[in-house]
Amino acid sequence: MPVIDPTSRAIINGLQGGFPLTPRPFRDAGLELGLSEGELIEGVRDLVGAGRLSRFGPLWNAELLGGDVCLAAIAVPPERFDEVAEQVNAHPEIAHNYERTHALNMWFVVSAEDPRRIAEVIAEIEAETGLGVHAMPKMHEFFVGFRVEV
């Protein structure tokens, strides 16, 4: 298991669940972590660059902004998994994509500022991959707080 340095650990643990909405958010978040603004920016950049963080950025509520979000899944033949993942991820509307041990082995979230774009993206993915996409629109929303302490 890779060893994580104390600064990286502080950044990962400290930035989950909140980030200041101020004119100098990295300066203000850094103060809470005992880091300078530059140290925090460089630390986040290093974590993303090394692949320890897949992304760092805001999580927008597309529905409150007039858009929509839809969970989707595909049954992908194992020998085509990487190829299909690349095709799916090429769409900027895909928030994230992950593998599951299930007949529907590829799951992803489609998020668009125009709700009509969700169906268009799904149709495009079906045409590009030749595979059926199972769209699972949200019926109810539940908030689950999730943190991963390192």
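Positions are given from 1, in the same order as the sequence printed here. Worth saying up front: this structure is predicted, and the values here are computed from it rather than measured.
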Any donor-acceptor pair under 3.5 Å from [X] side chain to [Y] backbone:
X     : Y      : result
Glu32 : Asp28  : no
Asn97 : Phe108 : no
Asn13 : Val150 : yes

Please find the pair of heavy atoms, one from [X] and one from [Y], that lie closest to each other, and give the distance.
X      : Y      : value
Leu104 : Ala73  : CB-CB, 3.9 Å
Gly132 : Ile74  : O-CG2, 3.6 Å
Ala62  : Ala112 : CB-O, 4.4 Å
Pro20  : Pro25  : O-CB, 3.2 Å

Taking the side chain as everything from C-beta on, heavy atoms only, tell me whether [X] gets closer than 4.5 Å to [Y].
X      : Y      : value
Arg80  : Thr129 : yes
Leu15  : Phe56  : yes
Ile94  : Val109 : no
Glu124 : Arg117 : yes
His91  : Glu128 : yes

For [X], I'd like to know if atom [atom1] has over 12 heavy atoms of other residues, nucleotides or ligands within 6.0 Å.
X      : atom1 : value
Arg116 : CZ    : no
Glu79  : CD    : yes
Leu21  : CG    : no

All N/O donor-acceptor pairs, side-chain side in residues 133-140, below 3.5 Å, sequence neighbours left out:
| from | atom 1 | to | atom 2 | distance (Å) |
| --- | --- | --- | --- | --- |
| Lys138 | NZ | Glu63 | OE1 | 2.4 |
| Lys138 | NZ | Glu63 | OE2 | 3.2 |
| Lys138 | NZ | Glu141 | OE1 | 2.6 |

Common cluster, [X]/[Y], ILVMFWY with side-chain heavy-atom separation under 4.5 Å:
X      : Y      : value
Phe26  : Leu53  : yes
Leu31  : Ile11  : no
Tyr98  : Leu131 : no
Val121 : Trp107 : no
Val110 : Val69  : no

Item to complete: Working to the nearest 0.5 Å, report the span between CD1 of Ile122 and CD of Glu120.
Response: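 So the gap between those two atoms works out to 11.0 Å.
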Worksheet entry | Intermediate values then yes/no, side-chain contact (heavy atoms from CB on, under 4.5 Å), Thr7 and Glu39 | CA-CA 9 Å; Thr7 300; Glu39 289 170 327; 6.0 Å; no
